[in-house]
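Read through the structure below, which is laid out as structure tokens, and then see the notes.
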Number of protein chains: 2
Amino acid sequence: MYDLVQPRNRIPANTESVDDYLKAILELGGPEEARVTSNALAQHLGVRAASVTGMLQKLALQKPSYVKYEKHHGVRLAPAGKMRALEILRHHRLLERYLHDFLDYSWDEVHDDAERLEHFISERLEDRIAAKLGYPETDPHGHLIPERNGALPPRQEVLLSKWACGVPAVVSSVSDRDSSALREMERLGLRPGVGIKVEAGTRGATVLVRIGSGVEPVRLSERLAAGISVLAGPAPAR
Amino acid sequence: MYDLVQPRNRIPANTESVDDYLKAILELGGPEEARVTSNALAQHLGVRAASVTGMLQKLALQKPSYVKYEKHHGVRLAPAGKMRALEILRHHRLLERYLHDFLDYSWDEVHDDAERLEHFISERLEDRIAAKLGYPETDPHGHLIPERNGALPPRQEVLLSKWACGVPAVVSSVSDRDSSALREMERLGLRPGVGIKVEAGTRGATVLVRIGSGVEPVRLSERLAAGISVLAGPAPAR
DNA sequence: GATCAAATTTAGCCATGCCTAAATATTATG
DNA sequence: CATAATATTTAGGCATGGCTAAATTTGATC
């Protein structure tokens, strides 16, 4: 009787868990692809640091290796891992765009469902969704969607909290992980593409901003401000 | 520091695996909800019989119980299990219909993707998909889609191989699990709703049939015939 | 450079869900 | 109705991916 078991799996296992780790390393490493600590991963993924260590060791042993991991010194994506992470990220952002544009989800509703489905999107489905959307460049929160081959154009985004006072900027993207913050932003008219200017008057970690052509400056809580990224804005209208 | 572990899970675990077993019991039990044997489940699910036994014992111990299981005498769905199975089946069939109607899948392509996604469809997504489709009653293969509350109207379907010779019938549904068979049926014009009549001339388990208004009778292989269900047909046109 | 706190890893455990091999129950047959 | 064939279950493993508790390493401070 034949064995149903696979013959010695050296081929990378693409479990949901592996996907989640790779995507987290991609996101936490940022565009500079900095090393990511076990603690940061643990917090991002909602697991204990010890569990992270175990998984990183496994990922490093894959052939081809998914990550470059040096004990006690954090982890970076290896090419194979980066490729996979970008694929998942592409799925996630395409799904968000699709749920929003074709299935009437609001922008604070898309994240959770996209997060669950992203692991199970076939090449075919990915292609059909992209085609229906007309090969979009961004998701509803302004994040760039990686291309099919993994290409992700760099962008000089900066967190709003790091932006200089008085310099006009444009909202480039907002975090999709906090849906109540998204509803609040919606209410304030804070959307990707909208102009924004930081006013003098920072108190604690809150930020005072003028949004779009708004007359009244608005004070953003730390939580809200932390989710907003901006780019150099248009020359101020005169 | 708080424990991330759930406080003693008496609540039914809805893992993918559990879903698969429940759906298999529903399908194999048929409309009469007959007992299903471990072997039948093992074959349907592609696992060993011993694994089935283990899972059935676990399902029977859930509170509320998912199945009625008597050692050595097969298994039936308990109400909670039936509810969950119908929910998954609804997801599957809605997905097939959606992929087919909105994302240009052919009817032999829909099954695999639906099978993977069916476990991860939120109530919201289920509702939005159903709404976009106009609350459809059947999937692309003619299977009835359970309603949101689990209602599934009974239907007097009979396998083509059991249908009497010469009595006109209508194809009610075809199996979605064999995509090459589906391509073959497509070629023959064998679709749900098409009239069909079994002709004299059964050889082995093959069946000789006249399809729709076709002039030439066609011989269907056992494999093809096994996937076709029919209902009493319209009075023959005269 | 010693010391201490924080970060990280190791060691050992648990549940899930699969496997094989061996035991046992059921069913069919002579 | 005894026995053989078949179906099913038990027993004992294994991999995955969590967990806690106890080392250990790193890096900051005096």
Side-chain angles (χ1 to χ4, degrees), chain A residues 1-25 28 34-63 66-76 81 84 119, chain B residues 1-25 28 34-63 66-76 81 84 119:
Chain A
M1 180 149 280
Y2 294 114
D3 195 341
L4 295 180
V5 164
Q6 302 283 339
R8 267 288 151 244
N9 222 3
R10 294 201 184 292
I11 291 143
N14 275 132
T15 64
E16 247 178 289
S17 219
V18 167
D19 285 352
D20 288 340
Y21 277 87
L22 295 176
K23 199 172 64 137
I25 297 168
L28 295 173
R35 283 179 309 198
V36 177
T37 67
S38 298
N39 249 6
L41 281 169
Q43 191 168 347
H44 190 87
L45 295 167
V47 300
R48 288 277 131 102
S51 308
V52 172
T53 299
M55 180 60 96
L56 294 185
Q57 288 169 344
K58 219 190 62 178
L59 293 178
L61 285 182
Q62 297 275 11
K63 288 173 187 193
Y66 270 167
V67 300
K68 286 190 276 284
Y69 169 55
E70 283 172 284
K71 217 184 254 196
H72 292 287
H73 294 286
V75 72
R76 277 180 220 274
R84 178 64 185 165
H119 308 288
Chain B
M1 178 148 278
Y2 294 114
D3 195 342
L4 295 180
V5 164
Q6 301 284 340
R8 267 284 153 246
N9 221 5
R10 293 200 185 292
I11 290 142
N14 275 130
T15 64
E16 249 179 286
S17 219
V18 166
D19 284 354
D20 288 339
Y21 277 87
L22 295 176
K23 199 173 64 138
I25 297 168
L28 295 174
R35 282 179 310 199
V36 177
T37 67
S38 299
N39 249 6
L41 282 169
Q43 191 168 344
H44 190 87
L45 294 167
V47 300
R48 290 275 129 102
S51 308
V52 172
T53 299
M55 180 59 97
L56 293 185
Q57 289 168 343
K58 220 189 60 178
L59 293 179
L61 284 182
Q62 297 275 12
K63 289 173 186 193
Y66 270 167
V67 300
K68 286 190 276 284
Y69 169 54
E70 284 173 286
K71 216 182 256 195
H72 291 288
H73 293 286
V75 71
R76 280 180 219 272
R84 177 64 183 165
H119 308 288

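All of these numbers come straight from a predicted model, not from anything done at the bench. Residue numbering restarts at 1 for every chain, and letters A, B, ... go by the order of the sequence lines.
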Which part of the nucleic acid does A:T53 contact within heavy-atom distance under 4.0 Å: base, sugar-phosphate only, or nothing? base
Answer yes or no: does a side-chain N or O of A:Y21 lie under 4.0 Å from OP1 or OP2 of D:dG18? yes
For C:dT20, does either OP1 or OP2 sit under 4.0 Å from a side-chain N or O belonging to B:R48? yes
Write down the distance between CD (A:Q62) and C1' (D:dT16), rounded to a whole number of angstrom. 12 Å
From CG of B:L61 across to C1' of C:dT16 the rounded distance in Å is 15 Å
Atom NZ of B:K71 and atom P of C:dT24: how far apart are they, to the nearest Å? 12 Å
D:dT9 OP1/OP2 closer than 4.0 Å to side-chain N/O of B:Y69: yes
Considering just the side-chain nitrogens and oxygens of A:H72, establish if one lies under 4.0 Å of OP1 or OP2 belonging to D:dT24. no
B:N39 CG to D:dT6 C1', straight-line distance once rounded to whole Å: 9 Å
Protein-nucleotide distance (A:N14, atom CG; D:dT16, atom P), rounded to Å: 13 Å
Side-chain donor-acceptor contact under 3.5 Å, A:H119 with A:N14: no
Does A:S17 have a side-chain nitrogen or oxygen under 4.0 Å from the phosphate oxygens OP1 or OP2 of D:dG18? yes
May I ask you to evaluate whether B:T15 reaches the phosphate of C:dG17, defined as a side-chain N or O under 4.0 Å from OP1 or OP2? yes
In this structure, CG of A:L61 is separated from CG of A:L56 (nearest 0.5 Å) by 11.0 Å
5'-most contact on DNA chain D: B:A50 or A:V52, nearest heavy atom basis? B:A50
Which residue, A:L28, A:V52, A:V36, forms the side-chain contact (heavy atoms from CB on, under 4.5 Å) with A:H44? A:L28
Look at the side-chain N and O atoms of A:T37 and state whether any lies under 4.0 Å from the OP1 or OP2 oxygen of C:dA7. no
How is A:S51 classified with respect to the nucleic acid when contacts are heavy atoms under 4.0 Å: base, sugar-phosphate, or nothing? base
Whole-Å gap separating C1' (C:dT16) and CG (B:D19): 14 Å
DNA chain D: B:G74 or A:V18, which has the more 5' nearest nucleotide? B:G74
Working to the nearest 0.5 angstrom, can you tell me the gap between B:Y21 OH and B:T15 OG1? 9.5 Å
Might you point out which heavy atoms bring A:A60 and A:V67 nearest each other, and give the distance in Å? N-CG2, 3.6 Å
To the nearest Å, how far apart are B:Q57 CD and C:dC18 C1'? 14 Å
To the nearest angstrom, how far is A:M55 atom CE from C:dT8 atom P? 17 Å
